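Treat the numbers as computed from the prediction; the structure is a model and nothing was measured.
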Amino acid sequence: MPIRQQNVLAAKWSPNGGSLGAPDLTVSDNQVFGENVFSPAIQRQRLPKDVYRKLSKTLAKGEALDTSLADAVALAMKEWALEKGATHYAHVFQPLTGLTAEKHDSFYAPTGEGTALAEFSGKELIQAEPDASSFPTGGIRATFEARGYTAWDPTSPAFILENPNGALLCIPTAFVSWTGEALDNKIPLLRSMDALSKSAMRALRLFGNAQAERVFTTVGPEQEYFLIDEQYYFERPDLITTGRTLFGAKPPKGHELDDHYFGSIPERVLACMLETELELAKLGIPIKTRHNEVAPSQYEVAPIFENSNVGSDHQQLTMQVMQNVARRYGLVCLLHEKPFAGVNGSGKHNNWSMGTDDGENLLEPGDTPHENLQFLFFCAAVIQAVNKHQGLLRASIASAGQDHRLGANEAPPAIISIFLGAELEKVFGAIERGEVGESTPESFLGLGTPVLPPMPMHGGDRNRTSPFAFTGNKFEFRAVGSSASLSLPNTVLNTIVAEAVDYLAEELEDALEGGAELEAALRPILQRSYAANKQIVFGGDNYSEDWHSEAEARGLLNLRATPDALPYLISDDTVTVFSNYGVLSKRELESRHEVFLEQYVTKINIEAETAAGIAKTMLLPASARHLALLLSAQLGELASETEALVSKLVDKIRALEQANLAENQPDDPLEQAAYIRDTTISAMDGVRGAADALELVVSDDLWPLPKYAEILFVK
């Protein structure tokens, strides 16, 4: 066993001792749930009754905040935070980096008498001004113009982030430029939720719903990730710099035996999960599920559904807590979409639905789907929206990491399609043909033994290969990347569905005004909508080559790489729908297009330079030393084979270095992204292929990088 494998499970964790400085894990999540959140329950206790009543009413109706309430809220929030041990507060925002950002300010200010007084006003709660000069803006503002504002989002509760040496009050905020344009992911998400609410309420009134006042979208993300020992991580410069392994030969065992999926969770990993979930419970994040995923050392965690804005904030916080807690156990949490070649990568299933403020899920079928006209209306709107804006939906989840994963028989393909399930597809088919349509009677699965009860059989099986699947009372957008923010995909979904709902609602209004009954008016509308958009519906194997050919014949887009998808962010249809619903202006869309192109190019350039450096300074010298040993041992045939591999690696390194030269890359951002896709990535693949071949023959004690068999299986 190489030296690097010794003491991997060392001092930071033991089955008896837990992690250093770990909390008491005998405390159950329900005892601490939300204890570090300035929740409505805490607000009710601490705010004056009239302030709490006005604030609650404002938030419930989605109205503008009365700034006169801010001082009272700030005072209560400050006193609560100080009692929790907080010394500083921070406006936490989500710039276009895809991460969160924060600037910490102390509560305490000197009084001039040698003492300090804790201060925090309504003005400081509502607005702050971080230096915005170094955040990506895509040309909205010049780098030398530093002014940017963070604005309190009262719909996402403030919380306390604990540290062994203190605590911090975190205030979720939006981030805007001096000219009022969105520089973040939160503002367009909030705008899109408002847009969908207005459109859905318009439709609900047509169905006789006079009680609901607002519609919310909900999200429940299923987060996949890897946990590996930190010793291996720190011995892999590629993992440290890029988040993924740029080299690594396929090990003898991967996930071929299917023995990791839903298997028993390793003890150290489970201990890490339990502490993570306890920390998240304190922050009011309702974790529901944990399990082993398909690849070795891969896992999944999933919360209960929440309001899309709060859920997106919580998802960013979840990733941060997962990474922080892992280190306490001598582990590193990898969120990259494809950290290891040859085994499954990681995604984040985005379970999306719509519901009213009085608790009605608009995507919940009735007793049988064809009996529920309202459900079919909203379902048809989703189908129409996804078909019309399939390119935009694909662009919303595009990234360099995603290009390694999508379409690789482990994740949905780059072709967007919808899976409805056998029962629902049968209903829409009957509507299209003008038939009444019969639902399949409920049946049961007999399990062949009297000791096991019969189980109800669902109206259709699940399709794990579909990128956008109806799963009973929600749509599951399965193509989102594991490291991504949920904000943009959900902003897109909300906006395009709002447009489709309005389109169908207008047709229904016209028919009802003409004297038709609701069902008679709705059937031809659903019939026309489904007939015009059914090409997006597919229930078969999305991984098959036959589907790629069929999708092309149907006119569906196959946007394989990020540079192919991103132009749909600024297409005429996109600009129109986002402008019409006040979600993003043309200038704001263009800025995101530019930022995302730059991130794609920059990330792969970093990978390419890292790969060239590792290959030249670590792998090539190790291979040369191995070759010298073979020659000295007069193993001529083995030496000749190794020498040919070494020569190939030298040639591939030179080709990659040429590809990396700035003067060889186009100046135009889209052309540069295409160059990266076609030239740089190809050159990186060449170096990796040569290096991985050498890994299989070079002496194990000479090879400088931990191998997949070590990283993935030592837990």
Side-chain angles (χ1 to χ4, degrees), residues 38 55 58-59 62-75 77-78 81 86 88-107 109 119-159 161 168-195 308-310 312-313 316-317 485 487-488 491 578-579 582-592 594-596:
F38 194 65
L55 181 62
T58 295
L59 299 184
E63 297 173 350
L65 179 71
D66 181 355
T67 55
S68 66
L69 306 178
D71 282 331
V73 175
L75 177 61
M77 194 182 290
K78 179 195 72 175
H88 290 67
Y89 65 93
H91 278 203
V92 179
F93 55 102
Q94 301 174 32
L96 298 180
T97 58
L99 306 172
T100 55
E102 59 198 43
K103 181 181 70 136
H104 300 193
D105 289 301
S106 175
F107 282 119
E119 295 180 342
F120 184 58
S121 68
K123 180 181 178 182
E124 290 166 314
L125 169 63
I126 288 178
Q127 181 178 315
E129 187 183 341
D131 184 339
S133 61
S134 295
F135 291 110
T137 66
I140 280 184
R141 34 174 306 288
T143 302
F144 68 86
E145 295 172 334
R147 196 178 294 278
Y149 301 106
T150 51
W152 175 40
D153 172 16
T155 65
S156 186
F159 57 92
L161 209 55
L168 171 72
L169 171 64
C170 297
I171 304 165
T173 58
F175 185 41
V176 296
S177 71
W178 181 68
T179 54
E181 289 161 308
L183 298 177
D184 70 346
N185 292 311
K186 178 182 278 285
I187 292 174
L189 177 60
L190 290 169
R191 292 171 178 170
S192 72
M193 292 173 68
D194 287 339
S308 291
N309 178 44
V310 175
S312 296
D313 285 356
Q316 295 295 104
L317 191 53
S485 164
S487 296
L488 182 57
T491 297
F578 274 90
S579 298
V583 175
L584 286 168
S585 67
K586 182 178 182 181
R587 180 172 149 103
E588 288 170 324
L589 285 167
E590 289 172 344
S591 75
R592 281 151 178 77
E594 184 175 325
V595 167
F596 298 156

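Taking all atoms of both residues into account, the shortest heavy-atom contact from Lys186 to Asn309 is NZ-OD1, 2.9 Å. Shortest non-hydrogen contact noted between His91 and Gln127 is CE1-C, 3.7 Å. Taking every heavy atom of both residues into account, Arg592 and Pro188 meet most closely at NH2-CG, 4.1 Å. Pairing each heavy atom of Lys586 with each of Ser579, the nearest pair is N-OG, 4.2 Å. Residues Thr179 and Ser177 share a closest heavy-atom pair of OG1-OG, 2.8 Å. Taking every heavy atom of both residues into account, Glu102 and Ala90 meet most closely at CB-CB, 4.1 Å.
Among residues two or more places apart in sequence or in another chain, the side-chain hydrogen bond (donor to acceptor under 3.5 Å, both in side chains) test is passed with Ser156 by Asp313. Ala151 meets the side-chain contact (heavy atoms from CB on, under 4.5 Å) test with no other residue; sequence neighbours excluded. Residues passing the salt bridge (Lys or Arg N to Asp or Glu O under 4.0 Å) test with Asp71: none are found, sequence neighbours excluded.
Between the Ser106 side chain and the His88 main chain, no donor and acceptor come within less than 3.5 Å of each other. A donor-acceptor contact shorter than 3.5 Å is absent between the side chain of Glu181 and the backbone of Leu584.
Considering CZ of Phe93 and NZ of Lys103, their distance stands at 9.0 Å, rounded to 0.5 Å. Taken from CG in Leu168 to NE2 in His104, the straight-line distance is 4.5 Å, to the nearest 0.5 Å. In this structure, Leu96 CG and Phe175 CZ are separated by 9.0 Å, a value rounded to the nearest 0.5 Å. Here Ser308 contributes atom OG and Met193 contributes atom CE; the two are 5.0 Å apart, rounded to the nearest 0.5 Å. Taking CG from Leu75 and CG from Leu125, the interatomic distance works out to 11.5 Å, rounded to the nearest 0.5 Å. In this structure, OG1 in Thr150 is found 11.5 Å from CG in Leu183, a value given to the nearest 0.5 Å.
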What verdict does the side chain to side chain contact (heavy atoms under 4.5 Å, CB included) test give for Thr155 and Leu190, after you've listed the backbone C-alpha separation in whole Å, the side-chain angles of each residue and the deciding distance to 0.1 Å?
CA-CA 10 Å; Thr155 65; Leu190 290 169; 4.1 Å; yes
For Glu588 and Ile187: C-alpha separation, side-chain torsions, deciding distance, then whether side chain to side chain contact (heavy atoms under 4.5 Å, CB included) applies.
CA-CA 11 Å; Glu588 288 170 324; Ile187 292 174; 5.9 Å; no
Side chain to side chain contact (heavy atoms under 4.5 Å, CB included) assessment of Thr491 paired with Phe578
CA-CA 10 Å; Thr491 297; Phe578 274 90; 3.9 Å; yes
Output, in order, the C-alpha distance, side-chain angles, deciding distance and verdict of side chain to side chain contact (heavy atoms under 4.5 Å, CB included) for Leu161 and Leu317.
CA-CA 10 Å; Leu161 209 55; Leu317 191 53; 4.2 Å; yes
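Ion pairing of Glu124 with Lys78 is absent here, as no side-chain N (NZ or NE/NH1/NH2) approaches a carboxylate O to less than 4.0 Å.
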